[in-house]
A.B. asks: 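Right, I'll just put the structure down here and ask away after.
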Amino acid sequence: MAKAIELNGINKIYGTAIRTQVLFDIDLAFEEQSFNSIIGQSGSGKSTLMNIMGTLDRPTSGTVTIGGIQTGSMRKNNLAVVRNETIGFIFQFHYLLPEFTALENVLMPYLIKHNRPTAEVRERANELMELVGLGKVKNNLATQMSGGQQQRTAIARALIMNPKIILADEPTGNLDSDTTEIVYEILRKVNSQFKTTFVIITHDRKIAEKADRIVEIRDGRISLDIARPII
Amino acid sequence: MSVSLKIAVRFLKSSRGQTILIVLGIAIGISVQIFIGSLIQGLQKSLVETTIGNASQITVVSPDDDKRFSDPERVMQAIRQAEGQITALSPALDQAGLATDGDETGSVLIRGLDFAAAEPIYALADRIVQGRLPSASDEAVIGKVLQAEWDVAIGDTLDVTVAGGKRLTYTVCGVFDLQVQSLNTSWFLTTLASAQERFDLAGQVTSIEMQVESGDVFLADTIAAELQALPELMDLEVTNWKAQNEQLLSGLNGQSVSSIMIQVFVVVSVVLAIASVLAISVMQKSRQIGILKAMGIKSRQASLVFLYQGLILGVLGGLAGVALGLGLAYSFTVFARNPDGTPVVALLIDPAFFVLSFLIAVTASSLASLIPARKSARLDPIEVIRNG
Ligand SMILES: Nc1ncnc2c1ncn2[C@@H]1O[C@H](COP(=O)(O)OP(=O)(O)O)[C@@H](O)[C@H]1O
Ligand SMILES: [Mg+2]
């Protein structure tokens with residue numbers, strides 16, 4: 001199967017005066033349509049790795065290949081297009097725009113590309129809000145929703161462009177266990193329904209074990225990489 | 001509507017208090033700029049009007065020793081054909097003289113005027129405060145200062161001795177008030193025909209006086225130069241009010257410069273105010289810009305968000321400023337009045353100036369948003385994502 005994301009020889013060093021190496025020679029690839037989790041202790045380098053995968057950050061050395069295209073030599077604007085069209089982000093702190101309603105937040109990646117929403121994409125946004133169970137509050141401002149609702153809105157937003165890949169950094173880190181359960185149900189549903197590749201960072205082992213593959217990072221190196229046999 | 005404009009509008013709406021404050025700031029700045037501009041322009045206009053509104057603006061005289069020339073009709077015909085901006089064209093025959101009523105004596109300037117032709121310049125019909133304009137050859141009107149000092153009544157006679165010792169007797173048929181002390185003392189007006197007949201100067205004049213359209217008064221020197229070039233005026237001299245009022249002109253000039261300086265400083269302070277508020281706003285919104293960039297907004301779109309904010313603030317502030325400036329100007333002319341009910345200062349409400357001020361507001365605030373726009377373009381999303 002084709003690779004959605006491929007990392008080769010990734011090193012990341014922070015700082016120039018005081019240099020701290022956070023990632024060491026990481027080689028990692030994720031197959032299309034797979035559902036993966038990354039675990040590891042706090043400070044082990046998971047977020048750094050994910051930001052590099054999502055082209056938000058650049059590695060000190062090594063290559064990032066997304067959908068078969070190397071991103072190392074791409075310009076800022078082209079990277080923006082890659083992020084807009086092929087990657088959906090879900091962050092721990094959801095990062096909704098407080099000035100806009102939930103529905104408008106969901107539409108935002110589409111507006112960035114096309115400026116104007118079509119009837120079809122509006123319909124799709126409404127469907128996604130139903131999918132994440134927010135049909136009733138979709139016209140609330142982002143600030144007028146609970147943490148779980150905001151995170152589910154962020155999931156709908158990550159899906160609006162029908163991206164190949166969704167990168168999620170501790171998407172349930174701030175949620176109670178019931179809500180966490182709901183959010184993971186949704187992510188799995190999306191994976192099977194839209195064939196989206198998922199890479200999810202979590203420190204919740206119970207959640208991680210539901211993934212097809214678990215990658216553990218320890219002190220900037222891959223210490224464990226196990227795949228569940230596909231039934 | 002582009003996504004950048006949509007976001008700009010939403011940002012402005014969501015921090016409504018701040019937005020209203022900047023719009024108000026721009027509006028006050030622009031209204032002050034408009035008010036000062038209108039005030040100074042109005043002042044200058046009324047100053048110029050009182051100086052030359054009822055005076056000859058371009059005058060044809062003779063360089064000869066006797067200061068006289070003949071056949072004024074031919075000259076006036078040539079002027080009429082050459083220049084369309086001339087609104088009044090009036091020949092005059094002047095002669096200095098010594099007037100006496102028996103016990104008092106004073107020097108006067110006997111002016112033989114074609115009253116119909118002189119009306120557009122001196123508006124004498126409105127300025128006769130007693131009696132009427134002369135019609136017979138031995139009739140004259142005098143100024144109200146001379147009349148009061150000598151206690152002259154309508155119908156009284158005055159003797160005037162002119163150059164060459166000739167003694168002429170005039171009957172005073174009216175009194176004028178030209179609102180200039182020196183003219184009200186010395187001018188002694190008769191008809192042109194009377195002057196030519198009684199001074200034995202048939203067909204001769206000492207000057208041709210002119211006024212131009214009110215919009216062209218500052219072109220008087222150019223028009224005078226054009227007239228001077230006419231072959232019919234080859235042996236004559238054309239003077240204009242600007243050459244005779246250099247001090248006034250340099251005063252006006254200085255006033256204009258300082259008015260423009262004030263306006264520039266007002267606009268500069270408005271720009272600085274907008275720039276600082278927008279700079280704060282780009283910091284406040286850096287989280288949102290970072291999120292948008294993570295979702296793939298391009299640097300150009302991100303900077304447009306702030307350019308649009310500047311533009312919108314400029315348009316709103318400019319409109320409010322023009323409205324406020326008009327209101328200020330209006331209330332000033334309504335409430336600041338002289339005892340006789342006329343406005344203390346007649347402001348000049350010039351639509352072109354208002355449009356200019358509006359455009360200045362828009363341009364200034366767009367310029368002020370350039371720095372925040374650049375900041376926004378450069379913001380790296382990873383800073384926001386990493387630091388929450
Ligand atoms: N901007 C930075 N400058 C220096 N060190 C950093 C920076 N960002 C993260 N780090 C360090 O890199 C390590 C990995 O951080 P991170 O990727 O956030 O780990 P995780 O997400 O696994 O908790 C940590 O030790 C952290 O202190
Ligand atoms: Mg982390």
Side-chain angles (χ1 to χ4, degrees), chain A residues 12 14 22 47-48 50-52 54-59 75-101 104-117 141-143 154 157-161 163 167 169-170 173-174, chain B residues 1-20 278 280-309 312-313 372-388:
Chain A
K12 179 69 182 180
Y14 281 120
V22 177
S47 294
T48 304
M50 171 146 296
N51 290 336
I52 288 172
T55 76
L56 289 170
D57 206 352
R58 286 189 188 269
R75 293 178 164 274
K76 254 167 73 176
N77 272 350
N78 296 333
L79 290 179
V81 173
V82 168
R83 286 199 296 273
N84 181 248
E85 293 175 357
T86 55
I87 303 173
F89 289 100
I90 305 168
F91 300 105
Q92 180 175 358
F93 303 102
H94 53 75
Y95 293 124
L96 297 182
L97 302 176
E99 294 85 358
F100 290 85
T101 66
E104 288 168 333
N105 266 285
V106 170
L107 282 166
M108 193 54 72
Y110 185 89
L111 296 184
I112 287 172
K113 187 177 179 198
H114 300 286
N115 285 319
R116 223 176 284 272
L141 280 179
T143 46
R157 179 179 67 182
L159 290 169
I160 190 74
M161 296 298 276
L167 302 178
D169 191 349
E170 307 206 21
N174 288 331
Chain B
M1 191 154 71
S2 84
V3 70
S4 304
L5 181 56
K6 215 170 269 177
I7 296 169
V9 169
R10 195 58 67 88
F11 278 5
L12 290 175
K13 272 190 188 165
S14 73
S15 30
R16 191 165 300 145
Q18 204 175 44
T19 303
I20 290 172
L278 282 178
I280 293 167
S281 133
V282 80
M283 307 250 282
Q284 289 171 334
K285 304 293 186 195
S286 62
R287 188 180 148 93
Q288 283 88 326
I289 297 294
I291 298 166
L292 287 164
K293 285 198 167 181
M295 291 190 300
I297 204 167
K298 293 177 184 169
S299 299
R300 201 182 59 87
Q301 293 174 294
S303 58
L304 274 177
V305 169
F306 287 86
L307 286 177
Y308 279 133
Q309 289 190 66
I312 292 167
L313 291 172
R374 236 168 72 113
K375 267 198 184 142
S376 162
R378 289 188 170 179
L379 188 130
D380 193 343
I382 190 67
E383 302 296 334
V384 174
I385 302 303
R386 213 185 265 148
N387 303 324

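Convention: sequence-line order gives letters A, B, ...; per-chain numbering from 1.
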A.B. asks: What are the two closest heavy atoms between A:Ala80 and B:Ile297, and how far apart are they?
C.D. replies: CB-O, 4.0 Å
A.B. asks: Compare all side-chain heavy atoms of B:Arg386 with those of A:Thr48 and state whether any distance is below 4.5 angstrom.
C.D. replies: no
A.B. asks: Given a strict heavy-atom distance threshold of 4.5 Å, which part of A:Pro163 is in contact with chain B: side chain, backbone, both, or neither?
C.D. replies: neither
A.B. asks: So what's closer than 4.5 Å to chain A heavy atoms on B:Lys13: side chain, backbone, both or neither?
C.D. replies: neither
A.B. asks: Please round to the nearest 0.5 Å and tell me the distance separating atom OG of B:Ser4 and atom CD1 of A:Ile112.
C.D. replies: 9.0 Å
A.B. asks: Looking at every heavy atom in both B:Arg287 and A:Tyr95, which two are closest together, and how far apart are they?
C.D. replies: NH1-CE2, 3.5 Å
A.B. asks: Using heavy-atom distances under 4.5 Å, tell me whether B:Ala302 contacts chain A through its side chain, its backbone, both, or neither.
C.D. replies: neither
A.B. asks: How long is the gap from CE on B:Met295 to CG on A:Leu97, to the nearest 0.5 Å?
C.D. replies: 5.0 Å
A.B. asks: Quick check on B:Lys375: does its NZ atom have over 12 non-hydrogen neighbours (other residues, nucleotides or ligands) under 6.0 Å away?
C.D. replies: no
A.B. asks: Once you round to the nearest 0.5 Å, how far does CE of B:Met1 lie from CZ of A:Arg116?
C.D. replies: 9.0 Å
A.B. asks: Select, from B:Leu5, B:Asp380, B:Ile382, B:Ile7, the one with the greatest count of heavy-atom pairs under 4.5 Å involving chain A.
C.D. replies: B:Ile382
A.B. asks: A:Met108 versus B:Val3: any side-chain heavy-atom pair under 4.5 Å?
C.D. replies: yes
A.B. asks: With the side chain counted from C-beta on, respond yes when A:Glu99 and B:Ser15 share a heavy-atom pair under 4.5 Å apart, and no when they do not.
C.D. replies: no
A.B. asks: Mind checking the CD-CG spacing from B:Gln288 to A:Leu96? Nearest 0.5 Å is all I need.
C.D. replies: 10.5 Å
A.B. asks: Under 4.0 Å between a Lys/Arg side-chain N and an Asp/Glu carboxylate O for B:Arg10 and A:Glu104?
C.D. replies: yes
A.B. asks: How long is the gap from CD on B:Gln301 to CG on A:Leu111, to the nearest 0.5 Å?
C.D. replies: 10.5 Å
A.B. asks: Check each of B:Ile385, B:Val384, B:Ile291 against A:Phe91 using the side chain to side chain contact (heavy atoms under 4.5 Å, CB included) test, and report the only one that passes.
C.D. replies: B:Ile385
A.B. asks: Restricting to pairs with a member in residues 78-93 of chain A, which pass salt bridge (charged side-chain N to carboxylate O under 4.0 Å, His left out), not counting sequence neighbours?
C.D. replies: A:Glu85-A:Lys113
